[in-house]
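Here the structure is a predicted model, which is why all the values come from computation and not from measurement. Here is the naming used below: chain letters follow the sequence lines, and residue numbers restart at 1 for every chain. In what follows, every heavy atom counts, from backbone to side chain, and hydrogens, waters and symmetry copies are set aside.
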Number of protein chains: 2
Amino acid sequence: MANDVSSRLKAVRQLHGLSQRELAKRAGVTNGMISLIEHGRVSPSVASLRKVLDGIPMSLAEFFTMEPGGTPQVFFAATELVELGEGGLSLRLVAAHRPGRRLAILRETYEPGADTGSEMLSHAGEEGGVVVAGRVEVTIAGQTRVLGPGDAYYFASTMPHRFRNRGRERCEIISASSPPSL
Amino acid sequence: MANDVSSRLKAVRQLHGLSQRELAKRAGVTNGMISLIEHGRVSPSVASLRKVLDGIPMSLAEFFTMEPGGTPQVFFAATELVELGEGGLSLRLVAAHRPGRRLAILRETYEPGADTGSEMLSHAGEEGGVVVAGRVEVTIAGQTRVLGPGDAYYFASTMPHRFRNRGRERCEIISASSPPSL
DNA sequence: CGGCATCGTTTAATATCCTAGACACCCCGG
DNA sequence: CCGGGGTGTCTAGGATATTAAACGATGCCG
């Protein structure tokens, strides 16, 4: 019910504090049309919807991607220990209890010798991160590099990848992936 | 050129190895309509486009989000200084030069007194982050909290939000948002 | 109370989309 | 040479979206 164009548009318009007429004027369409759309009495053409969203402004991608009034909660989120890894690898997931999220944000801690495993990881989506402390050896699609504090990485998760701490001090990374791989 | 519905649909259809007629049959529309859309001679209604995409199948969000012909590269990414903020706020974006990414990963530094501004931010998508150093006052949809090292947050970006460093030391956050707000 | 502003809704006429069906083309097998 | 099956394109007419303008409801001020 909150997944169709009508509800989304109404939600988005009200969130930006615009009246039907005001939005219509900015978008260069009529107020009546906005009323009809928001009531689901018509299904606007993509061209019209784009014009309307330009008045907000918001892209079509944003519009269809956004979480419609669903349950957009506020979180001062806890980080939850997720698990695993052959010794010395610990992952803490931000907002783990929130299913349906678009993002997985992780605090990864690699003790000396920790390793994501000898067989390369590969999954859908994209991911990236920033090294906060220590050093880590990153291998992506055959290329290997050692990253230190302040260094960053970003890649399509379909590329085979592996992380190892070959140094002597603990390494910490903040990473994110979308869609969530955890 | 590759940003309108016509090019996107054609790309997506061919990527799935479907002819206009075959897609039309699966979607329950006519082949002529698909031809018209792919030529930009009409701008389909959202309802029609949804029906067409159901035949792929693909959601509207995916359709408008996807990078047509994108080449997802591997990155040991540089962080690029983005700008701004009333004094003392600096943002470093990971893989800034990669358009069409699904994620924006930021290294945010708040000098004492730095502030995202008195008028609340609000946009599509979701975002979250982890505080790496210092303290920051976060206000989301009316609720205010002070977060320190190791604390995390996560929320729908449509909620009005604001970040301020009211302490005496520099604060650093690693954050991520999807779809990218920068 | 009346007057004036805003709001969202509705209606008749017009512009646009969408369908059904024909058309032109190409390739392969008779 | 003439079918048959595939492709994408085009046109006429019915279906639907969109406009322009009127309507009723609310709130505020004199």
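Classification of the A:Phe163-A:Phe155 ring pair by plane angle, with boundaries at 30° and 60°, yields tilted.
Listed candidates were C:dC18, D:dC10, C:dT9. Nearest to the side chain of B:Pro44 is C:dC18. Of the candidates D:dG8, C:dT19, C:dC17, the closest approach to any side-chain atom of B:Ser43 belongs to C:dC17. The A:Gln20 side chain lies nearest to C:dG8 when the options are C:dT10, C:dG8, D:dT11. Looking at the side chain of A:His39, the nearest of the listed nucleotides D:dT18, C:dT9, C:dC18 is C:dT9.
In this structure, A:Ser45 reaches the sugar-phosphate backbone alone: every heavy-atom distance under 4.0 Å involves primed, P, OP1 or OP2 atoms, never a base. Here A:Leu36 lies in heavy-atom contact (under 4.0 Å) with a base. Within 4.0 Å of B:Val42, counting heavy atoms only, lie sugar-phosphate atoms of the nucleic acid but no base atom. Across all strands, A:Ser19 comes closer than 4.0 Å only to sugar-phosphate atoms, never to a base (heavy-atom distances).
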Could you walk me through whether A:Arg13 and A:Glu38 pass the salt bridge (Lys or Arg N to Asp or Glu O under 4.0 Å) check? CA-CA 10 Å; A:Arg13 175 177 64 81; A:Glu38 290 189 357; 2.6 Å; yes

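Salt bridge present: B:Glu111 and B:Arg170 bring a charged side-chain N and a carboxylate O closer than 4.0 Å.
Checking A:Arg21 against B:Lys10, the closest nucleotide of DNA chain D that is more toward the 5' end is the one next to B:Lys10.
For the pair A:Arg145 (side chain) and A:Glu137 (backbone), a donor-acceptor distance under 3.5 Å is absent.
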